[in-house]
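Data block below; observations after.
Chain A is the first sequence line, chain B the second, and so forth, proteins listed ahead of strands; every chain is numbered from 1. Nothing here was measured: the structure is a model prediction, and the numbers come from that model.
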Amino acid sequence: MIEHLPILAITVPLFAAFLLPIIEKAHFRARNAAALLAILSVNVMVVLLALRLSREGAPLVYVLGAQSPAQILPQGLDFPIRIMLKIDGFSIFMALTSAVVVLVSYVYSMKYVPEDPRKNYYTILLMLMLVGMLGLEFTNDLFNFFVFLEILSISSSALVSYSYNRKFSPYAGYKYMMISAVATSFLLIGIAFFYSQYGSFNIEYLHGVIRFTLLDKIALIFMVVPLAMKAGAIPMHMWVPDAYSEAPAPVTAALVSASQASLYGVFRLSFSLFGNPVSDVTLNYHTLGWIIIVLGVLSMFVGVTMALVQHDVKRLMAYHAISQTGYMLLGVGVGVVVYMDPGGAAYAAFGRDAMMGGIFHIMNHAFYKGLLFLTSGVMVLRFGTRDLNKMMGMAHRDTFTTLCFIAGALAISGVPPFNGFASKILIYESVYRFSPILAIIAMFVSVLTLASFLKVFYGAFLGPRNEDIIVIDEPLPATVTAAMGVFCFLVLAMGLFPGEVLKYLVEPAVAGLVPGR
Amino acid sequence: MRLISLLSVVFIAGFLLVAVMRLHPVGEPLGNRDVFRFRGDTVTDMRNVDTMDDYFLRNGQRETGSNNIVASVVFDYRGFDTLGEATVLFIVVCAISMLMSFLYNQNYVMEANFRGPDEFPRNVSRIISFGSFMLFPLIISFGIYLVLHGHISPGGGFQGGAVMASGTALLLISLLITRHVQRTKVIFSFFESLGLTVFISLGFAGITASFLYNFLANGSPLFLGRTIPFGPNPGFLNSAGILPLLSLAVGVEVFFGISIILIQLYHFTRYASRAGGGRDI
């Protein structure tokens, strides 16, 4: 059974999601138990896959519908004909992030989202988000990537409009769905350009035969720009504040992870599909890298300046999500610029570290931003509003939430004992050797981040105790506290032991993205 | 701002035009022109096979036992994508049911039935109503034909299911649809889940080889495993292994899924017209 784990990790939650409308008829507790069991089993399977990957060293390959899962090229063909999953270090890194985030947000929402007839659909859609993320992270087939991106987009846009009795939730969901539709359509056009030239969808095969014609370069634009749009990079960021702020808090935590999955697509396509260091003709990596850097710096700076003026706590956090995406783009962009330098000295000196910082930041961001959004859910629960001006004195009653918020805010600003520091210091140091001004901008953005989170802390948590503005006075359910505790633990543990995470997760991820360097 | 939008549209259109001019010419095969020259007897034949398309044309019929090469690609070679697309429809049904759930949680009783169509829509005449009712069994049987013959002739689960669902639309036009919208939804959603569960269970059943392996093809004729000759043949219902079963599962899922969407949207339009067009609840 061990060789079927790649497909089981995708199909077991899918199977559970198909069965949930039937299970739900028995009792809602049975549904909760089934969903929790399915998401937990995905986590276990991803961990087992990671262990197997580190034992074998080579990427794990699974061919669907073939006589044996390892049969890539039947009968001596030189091109694959079936859909293929390929799991390398970067896939497993992203899959681990997605699985943990979805597990925690599901546990959070078990009691947080009130029980009503729609809760069943909520559970199904959250599980299908997980399926979409895992599918597009595991697949090695462009069309299959598109299908899973569609699954991810449609289920998340439905979840954004979950609280339909609030005025703007359906509008936010509609906006997100339109953006996703545009993005996936253009992605499909780019894939069609590839198919019309090479007659295949397999990323590994295309990587070997790509000729970098003009059509390939147009396809690059049509594939990378939509994915950057779904990841929320700056000129295409207009959907992020609306979608993130209108979604229920646990969904927002999962949405952060969904955006990271699109970012995975950007990196995967620009390295594993277009990056071909062996052939003579190749892409101009210098230009591509600088485009990614400029996108990243713009995202960082514009995101944080927009966040400074917000009064809505979830919109503020959403703008910070844009800003933090900039760090990942900056780190990986620096790696891309020096990637093709002659001799590879610059890449070995700081390019690899920059990429490691950027990729490490993906996981860190998913965890501390998830934690911050979960605490914002508690704020909304207590005060019945997202307006910071109408909140005060939450530290008097919810001590644990306050501690979690402090951990998250310090982590996002890059303050030492937390995980944000570990990845940001890698980015600062390596980017400084590439271009000091970029590193200074990155540090300045971190300072502004801390400033705006101080504003939230001062506004919502400090101040006199005021019982009149509290809407819901009950103690927090144990699942909500447990979910925030898990994130808090991860944020602290990854900050205290960054070396282990770098060694066992991030280095294989960079090695999977840039094989042989 | 309007100028920026205009410029970006022109920019993207220019890109697309340049790309279209460089595309592969229409009608020109990407692979080998002589893919059908040899009439081999072996199950897989690699002569004159240069690309993935050539492989499907040359070997798809015998490997999967399906005369319809499109069905063999959709349900066998790329069956996982089909599972994903069926999941997309399932998500859409879930999303619409979620957003429309206010139809059930208030005392909202359907009055529409054949005897008293007095509210909405008033403009359906008796002729249209009765005519569409008479068309219903024909459409359903045509859809069932498309689903069951998906591996022999053009058609398949998605197409047949959509055709059958247009029968539901006819029932809606004829005002014969049930007033028990919640009970209908529960039953339909059960069958929708059943179709998808059968699909994915067939995938799991082949996992001794790999997920979605066509374990019935070219086996016993009793279990849909009849081998068929290369080239033109009359077509046999008991060929193609799990393809007809997958097609049936998808057909059931698509029919009940689209029917749920249609029924809920129909009741929503009634609700909206009664509440003065607003959806603010």
Does some side-chain heavy atom of [Y] sit less than 4.5 Å from a side-chain heavy atom of [X]?
| X | Y | result |
| --- | --- | --- |
| A/I154 | B/V92 | yes |
| B/F190 | A/K25 | no |
| B/I12 | A/F222 | yes |
| A/S161 | B/L99 | yes |

Interchain contact, [X] with chain B, by part (heavy-atom threshold 4.5 Å):
| X | answer |
| --- | --- |
| A/N202 | neither |
| A/L20 | neither |
| A/V63 | backbone |
| A/L125 | side chain |
| A/I124 | side chain |
| A/S68 | backbone |
| A/Y195 | both |

Please name the pair of heavy atoms, one in [X] and one in [Y], separated by the smallest distance, quoted to 0.1 Å.
| X | Y | value |
| --- | --- | --- |
| A/I22 | B/S193 | CD1-CB, 3.9 Å |
| A/F15 | B/S201 | CE1-OG, 3.7 Å |
| A/V147 | B/G84 | CG1-CA, 3.6 Å |
| B/M98 | A/R118 | O-CD, 3.3 Å |
| B/M52 | A/F79 | N-CE1, 3.4 Å |
| A/Y121 | B/K185 | OH-NZ, 2.8 Å |

Quick check on the interface: out of B/D76, B/N214, B/T208, B/V73, who has the most heavy-atom pairs with chain A under 4.5 Å?
B/D76
If you tally heavy-atom pairs under 4.5 Å against chain A, which of B/V186, B/I207, B/L16 wins?
B/I207
Looking at [options], which one has more heavy-atom pairs under 4.5 Å with chain B than the rest?
| options | result |
| --- | --- |
| A/L128, A/L159, A/T213, A/V131 | A/L128 |
| A/S155, A/S200, A/P21, A/A66 | A/A66 |
| A/L19, A/I189, A/I151 | A/I151 |

Let me know if [X] has heavy atoms under 4.5 Å from chain A in its side chain, its backbone, both or neither.
| X | value |
| --- | --- |
| B/I96 | neither |
| B/F199 | neither |
| B/F56 | side chain |
| B/F211 | both |
| B/I200 | side chain |

Quick check for you: to the nearest 0.5 Å, what is the distance between [X] atom [atom1] and [Y] atom [atom2]?
| X | Y | atom1 | atom2 | value |
| --- | --- | --- | --- | --- |
| B/Y77 | A/L64 | OH | CG | 14.5 Å |
| B/L212 | A/I7 | CG | CD1 | 7.5 Å |
| A/I83 | B/L83 | CD1 | CG | 9.5 Å |
| A/L214 | B/R22 | CG | CZ | 4.5 Å |
| B/L23 | A/L215 | CG | CG | 5.5 Å |
| B/S210 | A/R82 | OG | CZ | 7.0 Å |

Test ring pair (Phe, Tyr, Trp, His ring centres under 6.0 Å) on A/Y62 and B/F80 and set out the steps.
CA-CA 12 Å; A/Y62 191 93; B/F80 194 48; 9.0 Å; no
